[in-house]
Amino acid sequence: MITVDEYLDYCDKALDGFVAIARQLGDRLVNERLDVPGSNTAYGVVTHCTGVMAWWARQTNLGVVVPRDRDAEFLATGTVDELVVAVESARQRLHEDARAAEPGAVPAMPPDHGHDLTETQGEVLLHVYEELAQHLGQLEVTRDVLLSRNP
């Protein structure tokens, strides 16, 4: 069993990766989409992840209502500095929420759409990390393609 600190170290590494990629892209490319139907900007993906973190770790686990517009997350735009501020704020909340969670307890507000990873608060937190890791990979590909066509 890992500790909360160990869990948060993994999440922090993913969030550090988000910030590094945003900085590598810079304001010029952080809001650019790939030439693939349905692709998202790096800014949109990171904004989505801040929503994921809050909705699952805070609302689902702790019962604190988090207003969220998932579709709007992917349409968000802004500067790298604004994105870094949002990531750091979300990171701080995730640390608070993970420390407040009871890994073996039932989530306070499980989703009503039948997600299969919500039997315990520990599973919910693992799902948060799963999302961060998945989207870090997506951001790495997005960065590599954007930088290769925009030297």
Side-chain angles (χ1 to χ4, degrees), residues 1-25 29-34 36-78 80 82-146:
M1 185 63 68
I2 67 170
T3 67
V4 172
D5 286 336
E6 290 166 334
Y7 167 78
L8 289 170
D9 283 345
Y10 278 90
C11 293
D12 284 344
K13 287 175 190 170
L15 294 171
D16 291 345
F18 290 3
V19 168
I21 288 169
R23 287 188 171 136
Q24 290 167 340
L25 291 172
L29 296 176
V30 76
N31 295 297
E32 287 286 320
R33 294 181 189 281
L34 301 181
V36 177
S39 71
N40 296 299
T41 68
Y43 197 100
V45 169
V46 174
T47 300
H48 168 67
C49 287
T50 64
V52 163
M53 291 161 54
W55 195 83
W56 286 100
R58 183 156 288 207
Q59 179 167 313
T60 303
N61 267 358
L62 305 179
V64 178
V65 175
V66 176
R68 184 175 181 209
D69 182 346
R70 186 181 184 281
D71 293 336
E73 293 166 4
F74 289 106
L75 301 175
T77 60
V80 171
E82 291 167 336
L83 194 60
V84 171
V85 168
V87 167
E88 294 312 317
S89 177
R91 181 194 310 259
Q92 180 180 357
R93 283 190 314 271
L94 179 62
H95 279 241
E96 293 167 6
D97 297 342
R99 292 185 194 296
E102 298 177 38
V106 175
M109 293 178 68
D112 59 4
H113 57 275
H115 201 283
D116 62 347
L117 297 176
T118 59
E119 290 187 22
T120 68
Q121 291 182 21
E123 286 180 306
V124 170
L125 290 174
L126 284 175
H127 178 62
V128 170
Y129 175 71
E130 174 186 44
E131 289 287 324
L132 295 178
Q134 169 187 319
H135 287 301
L136 177 58
Q138 179 184 6
L139 288 167
E140 290 168 338
V141 171
T142 298
R143 175 205 54 209
D144 292 350
V145 172
L146 288 175

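Only heavy atoms go into these numbers, but all of them, side chains included; no hydrogens, no water, no symmetry mates.
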CA sep, side-chain torsions, deciding dist, call: Asp69, Glu73, side-chain contact (heavy atoms from CB on, under 4.5 Å)
CA-CA 6 Å; Asp69 182 346; Glu73 293 166 4; 6.0 Å; no
Do the rings of His48 and Phe74 sit parallel, tilted or perpendicular, given the 30° and 60° boundaries?
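Rings of His48 and Phe74: parallel, under 30°.
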Please tell me if the side chains of [X] and [Y] come closer than 4.5 Å, counting only heavy atoms from C-beta onward.
| X | Y | value |
| --- | --- | --- |
| Lys13 | Leu136 | no |
| Arg143 | Leu29 | no |
| Leu25 | Ile21 | yes |

Which atom names give the shortest non-hydrogen contact between [X] and [Y], and what distance separates them?
| X | Y | result |
| --- | --- | --- |
| Gly104 | Thr120 | O-CG2, 3.9 Å |
| Ala22 | Leu83 | CB-CD2, 3.9 Å |
| Trp55 | Pro111 | CH2-CB, 3.5 Å |
| Cys49 | Leu132 | CB-CD2, 4.1 Å |
| Ala108 | Gly63 | CB-N, 3.5 Å |
| Asn31 | Tyr43 | OD1-CB, 3.4 Å |

Determine, step by step, whether Val45 and Gln138 satisfy the side-chain contact (heavy atoms from CB on, under 4.5 Å) criterion, reporting the C-alpha distance in whole Å, the side-chain angles of both residues, the deciding distance to 0.1 Å, and the verdict.
CA-CA 9 Å; Val45 169; Gln138 179 184 6; 3.8 Å; yes
Contacts of Asp12 that satisfy side chain to side chain donor-acceptor pair (under 3.5 Å) - sequence neighbours left out
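If we apply the side chain to side chain donor-acceptor pair (under 3.5 Å) test to Asp12, skipping adjacent residues, the hits are Arg91, His95.
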Heavy-atom donor-acceptor pair, [X] side chain to [Y] backbone, under 3.5 Å:
| X | Y | result |
| --- | --- | --- |
| Gln59 | Val65 | no |
| Arg33 | Ser39 | yes |
| Thr50 | Thr47 | yes |
| Thr142 | Thr41 | no |
| Glu6 | Thr3 | yes |
| Asn61 | Ala101 | no |
| Gln134 | Glu130 | no |

According to salt bridge (charged side-chain N to carboxylate O under 4.0 Å, His left out), does anything in residues 48-64 pair up with another residue at least two apart or in another chain? List the pairs.
Arg58-Glu96, Arg58-Asp97
Show the numbers, then the answer: is there a side-chain contact (heavy atoms from CB on, under 4.5 Å) between Met109 and Thr60?
CA-CA 5 Å; Met109 293 178 68; Thr60 303; 5.5 Å; no
In Å and rounded to the nearest 0.5 Å, what is the [atom1] to [atom2] distance from [X] to [Y]?
| X | Y | atom1 | atom2 | value |
| --- | --- | --- | --- | --- |
| Ile2 | Tyr129 | CD1 | OH | 9.5 Å |
| Phe18 | Asp16 | CZ | CG | 10.5 Å |
| Thr77 | Glu32 | OG1 | CD | 11.5 Å |

Check the pair Arg68 / Val52 against side-chain contact (heavy atoms from CB on, under 4.5 Å), numbers first and verdict last.
CA-CA 9 Å; Arg68 184 175 181 209; Val52 163; 3.5 Å; yes
Applying side chain to side chain contact (heavy atoms under 4.5 Å, CB included) between Trp56 and each of Val124, Val66, Leu125, report the one that passes.
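Passing option: Val124.
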